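Worksheet: the structure to be examined is printed underneath.
As the structure is a computational prediction, the values presented were derived from the model and not from experiment.
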Amino acid sequence: MRAKLNPVINISLIVLFLVSCSTISPFSETAYKQSTSIKASALALMDKAQEPYSNHCKKVEDLMLEARKAYEYAKGRPKNEASAEQWAIMIDPKGNMIAGFFEKWKSEGKQSKFFIEQAKEQISKGFDQISALESEKIKE
């Protein structure tokens, strides 16, 4: 003979199971705004890389500070490892994303229009991935 479970208990157990299995943090409007704002600023600043780095070093420092803040915010949110990892890639000065671009500009003084356009395409996609990770999260 099969025992009959109370339907309220069944639903409660299902909800509890789903909540405990949640592997990502909920949507954060702050995180989404950070990624889109920093992207726009970064791409605009990259356009200036045909000029001497020394003319724009303060703007680069300010933008990288904002990107590091976004990384720290992402890293500090529970169940947000994927977003934090994407930000870590973005701010790695030895990588091929925004920090790496700025390091190359700094060491070489100027960049070619062709290189800038190629880098902007790649870096734009990286920011889009960060934004997509956030926008696909459950909105509470």
Side-chain angles (χ1 to χ4, degrees):
M1 182 165 168
R2 207 161 93 166
K4 205 172 187 184
L5 293 176
N6 182 332
V8 173
I9 293 173
N10 283 341
I11 292 171
S12 297
L13 289 174
I14 291 169
V15 169
L16 179 63
F17 175 76
L18 291 174
V19 169
S20 68
C21 291
S22 177
T23 58
I24 61 170
S25 62
F27 173 79
S28 166
E29 188 171 334
T30 299
Y32 185 79
K33 284 181 180 179
Q34 283 176 320
S35 65
T36 56
S37 175
I38 295 169
K39 174 187 176 181
S41 296
L43 296 177
L45 186 52
M46 289 174 74
D47 283 332
K48 308 286 186 195
Q50 290 185 65
E51 301 169 14
Y53 176 84
S54 58
N55 294 355
H56 303 283
C57 61
K58 175 72 171 121
K59 289 179 184 171
V60 170
E61 290 170 4
D62 291 346
L63 186 125
M64 287 309 303
L65 178 59
E66 292 307 308
R68 286 190 293 276
K69 287 178 184 178
Y71 165 70
E72 290 298 330
Y73 181 77
K75 189 172 81 168
R77 293 176 60 211
K79 300 179 183 177
N80 201 44
E81 291 80 13
S83 294
E85 287 173 18
Q86 290 298 311
W87 275 112
I89 292 167
M90 192 62 72
I91 65 170
D92 179 1
K94 294 180 180 164
N96 295 320
M97 296 309 268
I98 196 62
F101 176 88
F102 290 144
E103 284 297 314
K104 182 172 171 39
W105 182 16
K106 181 179 181 178
S107 69
E108 296 178 5
K110 295 180 182 180
Q111 297 300 310
S112 71
K113 184 172 179 65
F114 177 78
F115 177 74
I116 294 166
E117 291 305 316
Q118 295 297 308
K120 281 177 64 177
E121 190 174 308
Q122 177 178 335
I123 291 166
S124 179
K125 288 177 184 176
F127 278 113
D128 290 346
Q129 286 180 338
I130 292 170
S131 297
L133 274 172
E134 199 59 46
S135 66
E136 293 171 1
K137 293 177 180 177
I138 297 169
K139 292 160 179 80
E140 292 184 331

Check your understanding: Can you name the residues that form a salt bridge (Lys or Arg N to Asp or Glu O under 4.0 Å) with Arg77, not counting sequence neighbours?
Key -> Glu134
Review point. Can you list the residues that meet the side-chain hydrogen bond (donor to acceptor under 3.5 Å, both in side chains) rule with Lys48, with sequence neighbours excluded?
Key: none
Practice item. Side-chain contact test, heavy atoms from C-beta onward, threshold under 4.5 Å: evaluate it for Ser25 versus Lys137 and give yes or no. Key: yes
Exercise for review: Using the test side-chain hydrogen bond (donor to acceptor under 3.5 Å, both in side chains), find all partners of Glu66 that sit at least two apart in sequence or belong to another chain.
Suggested key: Lys69
Exercise for review: Take Lys75 and Glu72 through the test salt bridge (charged side-chain N to carboxylate O under 4.0 Å, His left out) and record every step on the way to the result.
Suggested key: CA-CA 5 Å; Lys75 189 172 81 168; Glu72 290 298 330; 3.5 Å; yes
Exercise for review: Can you see which heavy atom on Ser35 is nearest to which on Ser131, and at what distance?
Suggested key: OG-OG, 2.9 Å
Revision key, fill the gap. Sorted by chain and residue number, the salt bridge (Lys or Arg N to Asp or Glu O under 4.0 Å) partners of Glu51 (sequence neighbours excluded) come out as none
Review point. For Asp128, what residues pass the side-chain contact (heavy atoms from CB on, under 4.5 Å) criterion, not counting sequence neighbours?
Key: Lys39, Ser124
Review point. So which pairs with a foot in residues 83-95 pass salt bridge (Lys or Arg N to Asp or Glu O under 4.0 Å), sequence neighbours left out?
Key: none
Practice item. Determine which pairs satisfy salt bridge (Lys or Arg N to Asp or Glu O under 4.0 Å) with at least one residue from residues 107-116, sequence neighbours left out, and list them in order. Key: Lys104-Glu108
Check your understanding: Other than Trp105, what residues sit in its cluster of Ile, Leu, Val, Met, Phe, Trp and Tyr side chains whose heavy atoms are under 4.5 Å apart, directly or through others?
Key -> Ile38, Leu43, Leu45, Met46, Tyr53, Val60, Leu63, Met64, Tyr71, Trp87, Ile89, Met90, Ile91, Met97, Ile98, Phe101, Phe102, Phe115, Ile116, Ile123, Phe127, Ile130
Practice item. Would you check if the side chain of Gln122 reaches a backbone N or O of Asn96 as a donor-acceptor pair within less than 3.5 Å? Key: yes
**Study point:** More than 12 heavy atoms of other groups within 6.0 Å of Lys120 NZ
**Key:** yes
Revision key, fill the gap. Residue set satisfying side-chain hydrogen bond (donor to acceptor under 3.5 Å, both in side chains) with Lys33, at least two apart, ordered chain then number -> Glu29
Point to revise | Sequence-distant partners of Gln34, side-chain hydrogen bond (donor to acceptor under 3.5 Å, both in side chains), two or more places apart | key: none
Review point. For Phe27, which fellow cluster members are found when Ile, Leu, Val, Met, Phe, Trp and Tyr are connected by side-chain heavy-atom distances below 4.5 angstrom, either directly or through intermediates?
Key: Tyr32
Review point. Under the 4.5 Å side-chain heavy-atom rule for ILVMFWY, direct or indirect, which residues accompany Leu65?
Key: none
